[in-house]
4 protein chains.
Amino acid sequence: MPDLTRRNEQSRRAILDAALGLLGDTGYAKVTIEAIAARAGVGKQTIYRWWPGKGAVILDALVENATAVTLPDSGDLEADLRLVVRATVAEFADPRLSATTRALTAETLADDELAGQVRDRLLRPQLDAVRDRLRAARGAGQIRAGADLDQAVELIFGPIFHRWLLRTGPLTDGYADGLVDHVLAAIRP
Amino acid sequence: MPDLTRRNEQSRRAILDAALGLLGDTGYAKVTIEAIAARAGVGKQTIYRWWPGKGAVILDALVENATAVTLPDSGDLEADLRLVVRATVAEFADPRLSATTRALTAETLADDELAGQVRDRLLRPQLDAVRDRLRAARGAGQIRAGADLDQAVELIFGPIFHRWLLRTGPLTDGYADGLVDHVLAAIRP
Amino acid sequence: MPDLTRRNEQSRRAILDAALGLLGDTGYAKVTIEAIAARAGVGKQTIYRWWPGKGAVILDALVENATAVTLPDSGDLEADLRLVVRATVAEFADPRLSATTRALTAETLADDELAGQVRDRLLRPQLDAVRDRLRAARGAGQIRAGADLDQAVELIFGPIFHRWLLRTGPLTDGYADGLVDHVLAAIRP
Amino acid sequence: MPDLTRRNEQSRRAILDAALGLLGDTGYAKVTIEAIAARAGVGKQTIYRWWPGKGAVILDALVENATAVTLPDSGDLEADLRLVVRATVAEFADPRLSATTRALTAETLADDELAGQVRDRLLRPQLDAVRDRLRAARGAGQIRAGADLDQAVELIFGPIFHRWLLRTGPLTDGYADGLVDHVLAAIRP
DNA sequence: TAATAAGCGAGACGGTACGTCGGGTCTTTGG
DNA sequence: CCAAAGACCCGACGTACCGTCTCGCTTATTA
């Protein structure tokens, strides 16, 4: 196994940048290990040495660029939720960002190990942030005492994901607000 | 464009059966056009003549085998919903059925045209059946008058999809029931 | 076996014309049974019903269009030979005519039966005409009494074929005349 | 363009050997790039990387195995020529060797570039050796001073080729000797 | 003058090979 | 000993033709 201390940081960055660049420029189908290597000016082996496959590279690239998610706690649960949900919906609606998610989801479907990594390293922070905000709201009595917070979180993000994958409707602020309304109705005391 | 009347029904069936068989026996990665053709005892061209790609073949195979979905209307909305949701959750939990869904979802991510077909021909009937049941319930005053039924439907299926894709929790009857509770809470008067 | 009396003359002509047309227009590589059928506005089966393969079609087309060869007998053997040899050389030098010969030769290399047909139906008349002229010359004492006329004929056409296939030199009147000189030197008394 | 220094010599040899082996064992029609690759235990790409097509592979194989041709100069031109011509005729008569020549000739007919290569790399040495011997003979006054040596060479090999392609007669020692007689008669002083 | 048989255009069919692409591994050469 | 470069074996891609096989339709005998 390779010695992490000898890893070339320049190559690492070039590979991650190339992966994201290709995703944005040419679409998911054209993103191959060979293309990443070529765009990064790197040998294929240098990719295989440090990552198990294309999906892992993309995941690393996204995790690297992901900004820490922190939900505001203004005291007004509805307003706070509206903020995250609108942001999330906008992200899925953006073709650029959507492309990377699409790519990663595709890899995920054929690779259980990767699926776990994506869940834990990329999505969990986001989901946990929302759950923590809900927990605070529950403490404040704005939510039913017995409400299952994990399920509440999925009640928010599941429909977005569903609508994005199936294109069953628009991904707009209006949609986001409606979703928040429904979810709140489900968990309020 | 090929003349539909001259199509060989035997080959058509053999191809769809081969596609499903391979998905069940060897897993998604091994399902290639070449393998389907070989297993069906058919020339590759016969597949390309009638389908644009692997995804379309799988879709046709699933649509062909799909049983018409009809929701019971026992008058008890909660009981009726519990039934569908439990069934859906069980389907996603079953490794065999899950494999085909996984395969189709992967193709979907790289092919917008196919995505639309999957939505309209495979999922819509299921989603519409649920929506119709909800409409009846709304007529009976069991649901808020102003409730958005489409969003309600997504509120049900979205979380299941999400949990299935991300493996964030078990897909059990208990989960199904909890989900129904939440959704009902969101849309009841 | 097909009934010759019911053969459609129009189709037969269309096929032969299409074969020659394709050879002239698109080059040998593009001449396929499918292309011939398409250009002739004919079903593939109509070709396979009457000919064993592409080579046989081309052969028939050439035989049909071939003009009867008759060598003049002016009494002057050298002049008479010069005439045929110049004509033959010119034929091989012409890109259009050369293309069909090339195609036929290629088929010949993979099909012994066809090779015999080409020899007997297409070339023999030409070769025999020259041999007959030589026989007359031998009678007139212009050629050695014991000369092998068949070999003499090959001595004329062999080098032309060789030079044409291998492109070892130009195919001009000058070349033709030089060849005649050499051959005559070989067989004169 | 590929880097010649990195070429795998083992693969190269295996490919050439496989090509010749297939030609000998199964006949020309079965010699495909796929078959060569399979028999050589090599990826198809490795063939396409280094050769433009089947013909070029066969040519290389033949050139590699060709023994340097050197004509003896015993002082007796007739005896020396008889030797080469008999050997050449025997080569064309041998079904094994004939098969490769047939294959190469067929490729040649559809590929001008290859035709030039065959001429220059495979046949020229043979032809030049004979021409050199003739030149020596001319120096010794055994041949007409003004004789065109190139044409003389074609006068020898052309008829052999012609007879081989058209199967107009047997390829025996007797034929070879008769041919030498005629050619010598044509160029003697 | 029907009926019946063949040829016909069309093109789907099971195949084989094509030439290309990308996967993941291995090797060479140079910091 | 990492990294670039890229050759290697492999497997699948989508395409082109092969030669065979139905399909209806037309066209000529034969009853």
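A, B, ... follow the sequence lines: proteins, then strands. Residue 1 opens every chain.
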S.K.: Expressed as a whole number of angstroms, how long is the span from C:Arg7:CZ to E:dA6:C1'?
M.R.: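 These atoms are roughly 14 Å apart.
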S.K.: Send over the distance from C:Ile36 CD1 to F:dA16 P, rounded to a whole Å.
M.R.: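 In whole Å, F:dA16 P and C:Ile36 CD1 are 18 Å from each other.
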S.K.: Do A:Arg96 and A:Asp25 sit within salt-bridge range, that is, some charged N less than 4.0 Å from a carboxylate O?
M.R.: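 Here A:Arg96 pairs with A:Asp25 in a salt bridge, since their nearest N and O are under 4.0 Å apart.
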S.K.: Quick one: which of E:dG22, E:dG14, E:dC8 gets closest to the side chain of C:Ser11?
M.R.: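 Of E:dG22, E:dG14, E:dC8, E:dC8 is nearest to the side chain of C:Ser11.
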S.K.: Return the value, rounded to whole Å, for the distance between atom CD of B:Gln10 and atom P of F:dC21.
M.R.: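 The distance from CD of B:Gln10 to P of F:dC21 comes to 16 Å, rounded to the nearest Å.
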S.K.: Locate the shortest heavy-atom distance separating D:Gln117 from D:Leu59; write the atom from each residue and the value.
M.R.: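 Scanning both residues completely, I find the closest heavy atoms to be CB-CD2, 3.5 Å.
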S.K.: Taking only residues two or more places apart in sequence, or in another chain, which ones meet A:Asn65 in a side-chain hydrogen bond (donor to acceptor under 3.5 Å, both in side chains)?
M.R.: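 With sequence neighbours excluded, A:Asn65 shows a side-chain hydrogen bond (donor to acceptor under 3.5 Å, both in side chains) to no residue whatsoever.
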S.K.: Determine yes or no for a side-chain-to-main-chain donor-acceptor pair under 3.5 angstrom, with A:Lys30 supplying the side chain and A:Leu22 the backbone.
M.R.: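 Side chain of A:Lys30 to backbone of A:Leu22, a donor-acceptor pair under 3.5 Å: no, none is there.
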S.K.: Measure CG/C:Asn8 against P/E:dA5 and give the value in whole Å, please.
M.R.: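 My rounded result for the distance is 21 Å.
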S.K.: Name the residue closer to the 5' end of DNA chain F, choosing between D:Thr46 and B:Thr32 according to the nucleotide with the nearest heavy atom.
M.R.: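 Closer to the 5' end of DNA chain F: D:Thr46.
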S.K.: May I ask you to establish whether C:Arg7 and C:Trp51 are in a cation-pi arrangement, using a distance under 6.0 Å from NZ or CZ to the six-membered ring centre and at most 45° from the ring axis?
M.R.: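 Yes, a cation-pi geometry holds between C:Arg7 and C:Trp51.
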S.K.: Assign each of C:Ala29 and A:Gly41 to its nearest nucleotide of DNA chain F by heavy atoms, then name whichever residue's nucleotide is nearer the 5' end.
M.R.: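 Nearer the 5' end of the strand: A:Gly41.
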S.K.: Tell me whether the side-chain N/O atoms of C:Trp51 come closer than 4.0 Å to OP1 or OP2 in F:dG19.
M.R.: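 No, C:Trp51 has no side-chain N/O under 4.0 Å of OP1/OP2 on F:dG19.
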S.K.: On the nucleotide F:dC8, are OP1 or OP2 found under 4.0 Å from the side-chain N or O atoms that D:Trp50 carries?
M.R.: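 The answer is yes; a side-chain N or O of D:Trp50 sits under 4.0 Å from OP1 or OP2.
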S.K.: What is the distance from CD1 of D:Ile15 to C1' of F:dC9, rounded to the nearest Å?
M.R.: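 Taking CD1 of D:Ile15 and C1' of F:dC9, I get 11 Å after rounding.
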S.K.: Quick one, give me the B/S/- string for nucleotides 24-31 of chain E, reading 5' to 3', where B means a protein heavy atom under 4.0 Å from the base and S means that only happens at the primed atoms, P, OP1 or OP2.
M.R.: BBBBB---
S.K.: I need the residues from residues 99-118 of chain A with at least one non-hydrogen atom less than 4.0 Å from DNA chain F; give them sorted by number, or say none.
M.R.: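 Residues of residues 99-118 of chain A under 4.0 Å from DNA chain F: none.
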S.K.: In whole Å, what is the span from the CZ atom of B:Arg49 to the P atom of E:dA10?
M.R.: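 Spelled out: CZ on B:Arg49 to P on E:dA10 is 17 Å.
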S.K.: Check whether any side-chain N or O of A:Thr108 sits under 3.5 Å from a backbone N or O of A:Leu104 as a donor-acceptor pair, and report yes or no.
M.R.: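 It does hold such a pair.
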S.K.: Is any side-chain N of the basic residue among A:Arg39 and A:Glu34 closer than 4.0 Å to the acidic one's carboxylate O?
M.R.: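 No, no charged N to carboxylate O under 4.0 Å.
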S.K.: Which whole-number value in Å describes the distance from D:Ile47 CD1 to F:dC8 P?
M.R.: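 Going from D:Ile47 (CD1) to F:dC8 (P), I get 11 Å.
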S.K.: Do C:Gln45 and C:Arg49 get their side chains close enough for a donor-acceptor pair, meaning under 3.5 Å?
M.R.: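 Per modelled atom types, C:Gln45 and C:Arg49 side chains form no pair under 3.5 Å.
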S.K.: One thing to verify: whether A:Glu64 and A:Arg12 come together as a salt bridge, which I'm taking to mean a side-chain N less than 4.0 angstrom from a carboxylate O.
M.R.: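 Answer for the salt bridge query: yes.
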S.K.: Take the protein atom CG of C:Leu22 and the nucleotide atom C1' of F:dC17, then report the distance between them rounded to whole Å.
M.R.: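 Answer to the nearest Å: 14 Å.
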